[in-house]
Q: 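There's a structure below that I have some questions on.
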Amino acid sequence: MKTLTLALSTAALALGAGGIAYAAQDGPQRGGADSDGDGEVTLAEAKARADMRFARMDANNDGVIDASDRAARQADRFAQADADGDGEVSEAEMAAMREGRQTRRAERRAERQARMFETFDTDASGGLSEQELAAMREARGKDRGARHGRGGAGGGRGMAMLARADADGDGAVSRAEFDAMVEARFAAHDTDGSGTISAEERSAARAAMKAEMQERRAQRSKARPSE
């Protein structure tokens, strides 16, 4: 289990708390599971999103998620930083790498803002009314809270999920094991067995996850020695 945890640490961060969860805002504008934007997530939609997640984590495209994927990511990051290919990363290359990362983050922020503006400009007037602006601010606050809530524990939950997916305990997650995990998670969210995860079921799952996080924080707080 220690080997699996080390091997999948990066993959778990990519998976995050939302990797197999289905947030209410996960519509087509955000590349979410609800690809047709009808407010419900089918198993086919969940699997389609999971396909992209698996491909992202399977860095060497060998059909399993294991220690070699971590090594492949590290090698790729080093190659990108080592712009002149001399086998070393200079101070200038480090600075360029940081600047590139900052630029990409700024571009992603701009893209998110543009998508959000388009989403909440419901009358397509090219501007936001007071009501539209208030709705956008509320949604942005919820989104920020969800992302911050995942920051500390998302990777941990992701690793736990992937570790459980390793059904044969061989230190690697095959595609079959990953698909089985996706189907099990879907079934757990589809509480009425309808074959789709509704907005109400997503809200219930989100509330349960929040309660679980709060309980874990409370337990960690109790476990800390008093000063």
Q: Is there a donor-acceptor pair closer than 3.5 Å between any side-chain N or O of Asp51 and the backbone N or O of Ala55?
A: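 Such a contact is absent between Asp51 side chain and Ala55 backbone.
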
Q: Does atom CD of Glu91 have more than 12 heavy-atom neighbours, drawn from other residues, nucleotides or ligands, at distances under 6.0 Å?
A: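 Not buried by this count: 12 neighbours or fewer within 6.0 Å.
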
Q: Of the non-hydrogen atoms in Asp62 and Val64, which two are nearest, and what is the gap between them?
A: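 What the structure gives for the nearest pair is OD1-O, 2.9 Å.
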
Q: Minimum heavy-atom separation for Asp58 to Gly63, with atom names?
A: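 That closest heavy-atom pairing would be OD2-N, 2.8 Å.
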
Q: How far apart are the closest heavy atoms of Thr122 and Thr119, and which atoms are they?
A: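 Heavy atoms of Thr122 and Thr119 come nearest at CG2-O, 3.9 Å.
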
Q: Shortest non-hydrogen contact from Val173 to Ala165?
A: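 Answer, listing the atom of Val173 first, then Ala165: CG1-CB, 4.1 Å.
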
Q: Examine distances only and state if a side-chain atom of Glu40 and a backbone atom of Ala199 form a donor-acceptor pair shorter than 3.5 Å.
A: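 The answer is no, because no donor-acceptor pair under 3.5 Å joins these two groups.
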
Q: Would you indicate whether the side-chain heavy atoms of Glu201 and Asp192 approach each other to under 4.5 Å?
A: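 Asp192 vs Glu201: side chains touch.
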
Q: Could you check Glu177 against Asp166 for side-chain contact (heavy atoms from CB on, under 4.5 Å), going step by step and ending with a plain yes or no?
A: CA-CA 6 Å; Glu177 289 173 328; Asp166 180 25; 3.8 Å; yes

Q: Compare every heavy atom of Phe186 with every heavy atom of Gly195, then report the nearest pair and how far apart it is.
A: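 For Gly195 and Phe186, the tightest heavy-atom pair comes out as O-CZ, 3.5 Å.
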
Q: Less than 4.5 Å apart, side chain to side chain, heavy atoms only: is that true for Met57 and Arg53?
A: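 Yes. Closest side-chain heavy atoms under 4.5 Å.
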
Q: What is the distance from atom CZ of Arg70 to atom CG of Asn60, rounded to the nearest 0.5 Å?
A: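 CG of Asn60 is found 14.0 Å from CZ of Arg70.
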
Q: Looking at Asp69 and Arg73, is any side-chain nitrogen of the basic one under 4.0 Å from a carboxylate oxygen of the acidic one?
A: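 Judged by the 4.0 Å cut-off on N to carboxylate O distance, Arg73 and Asp69 do not form a salt bridge.
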
Q: What's the spacing between Ile65 CD1 and Ser174 OG if we round to 0.5 Å?
A: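 Result: 9.0 Å between the selected atoms.
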
Q: Taking Ala180's backbone N and O only, do any of them form a donor-acceptor pair with Glu183's side chain (distance below 3.5 Å, no angle check)?
A: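 Not a single qualifying donor-acceptor pair exists.
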
Q: Which atoms form the tightest heavy-atom contact between Gly87 and Asp82, and what is the distance?
A: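 Looking at all heavy atoms of both residues, the shortest contact is N-OD2, 2.8 Å.
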
Q: For the backbone of Gly39 and the side chain of Arg202, can you confirm whether one donor and one acceptor N or O come within less than 3.5 Å of each other?
A: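 Indeed, once roles are kept as given, a pair shorter than 3.5 Å links the two residues.
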
Q: Please check if the number of heavy atoms outside Glu88 that lie under 6.0 Å from its CD is greater than 12.
A: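 Not more than 12 within 6.0 Å, no.
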
Q: Please determine whether the number of non-hydrogen atoms from other residues, nucleotides or ligands lying under 6.0 Å from atom CD of Glu118 exceeds 12.
A: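 No, not enclosed.
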
Q: Would you check, one step at a time, whether the test side-chain contact (heavy atoms from CB on, under 4.5 Å) holds for Met116 with Met136?
A: CA-CA 7 Å; Met116 184 164 282; Met136 185 179 74; 3.3 Å; yes

Q: Quick one, Asp179 with Lys47, criterion side-chain contact (heavy atoms from CB on, under 4.5 Å). Give me CA distance, side-chain angles, the key distance, then yes/no.
A: CA-CA 8 Å; Asp179 288 345; Lys47 286 184 174 181; 5.8 Å; no

Q: Test your reading of the model: is there a side-chain donor-acceptor pair from Asp121 to the backbone of Gly126, 3.5 Å cut-off?
A: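 Checked: pair present.
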
Q: CZ/Phe120 to OG/Ser129 distance, rounded to the nearest 0.5 angstrom?
A: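 Here the rounded value is 11.5 Å.
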
Q: For residues Phe178 and Met181, determine if any side-chain heavy atom of one lies less than 4.5 Å from a side-chain heavy atom of the other.
A: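 Of all side-chain heavy-atom pairs linking Met181 with Phe178, at least one is under 4.5 Å.
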
Q: Checking Glu200 now: which residues fulfil side-chain hydrogen bond (donor to acceptor under 3.5 Å, both in side chains) with it, not counting sequence neighbours?
A: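 Partners of Glu200 by the side-chain hydrogen bond (donor to acceptor under 3.5 Å, both in side chains) criterion, ordered by chain and then number, come out as Ser198.
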
Q: In the hydrophobic clustering that connects Ile, Leu, Val, Met, Phe, Trp and Tyr at side-chain heavy-atom distances below 4.5 Å, which members other than Met94 occupy its cluster, ordered by chain and number?
A: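 Besides Met94, the hydrophobic cluster comprises Phe78, Val89, Met97, listed by chain and residue number.
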
Q: Quick check: does any side chain N or O of Glu45 sit under 3.5 Å from a backbone N or O of Thr196, one acting as donor and the other as acceptor?
A: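 Checking the backbone N and O of Thr196 against the side chain of Glu45, no donor-acceptor pair under 3.5 Å is found.
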
Q: Main chain of Ala211, side chain of Gln214: is a donor-acceptor contact present, judged purely on distance under 3.5 Å?
A: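 No; judged by distance alone, with no hydrogens or angles, the pair does not exist.
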
Q: Test your reading of the model: is there a side-chain donor-acceptor pair from Gln113 to the backbone of Arg108, 3.5 Å cut-off?
A: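 The answer is no, because no donor-acceptor pair under 3.5 Å joins these two groups.
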
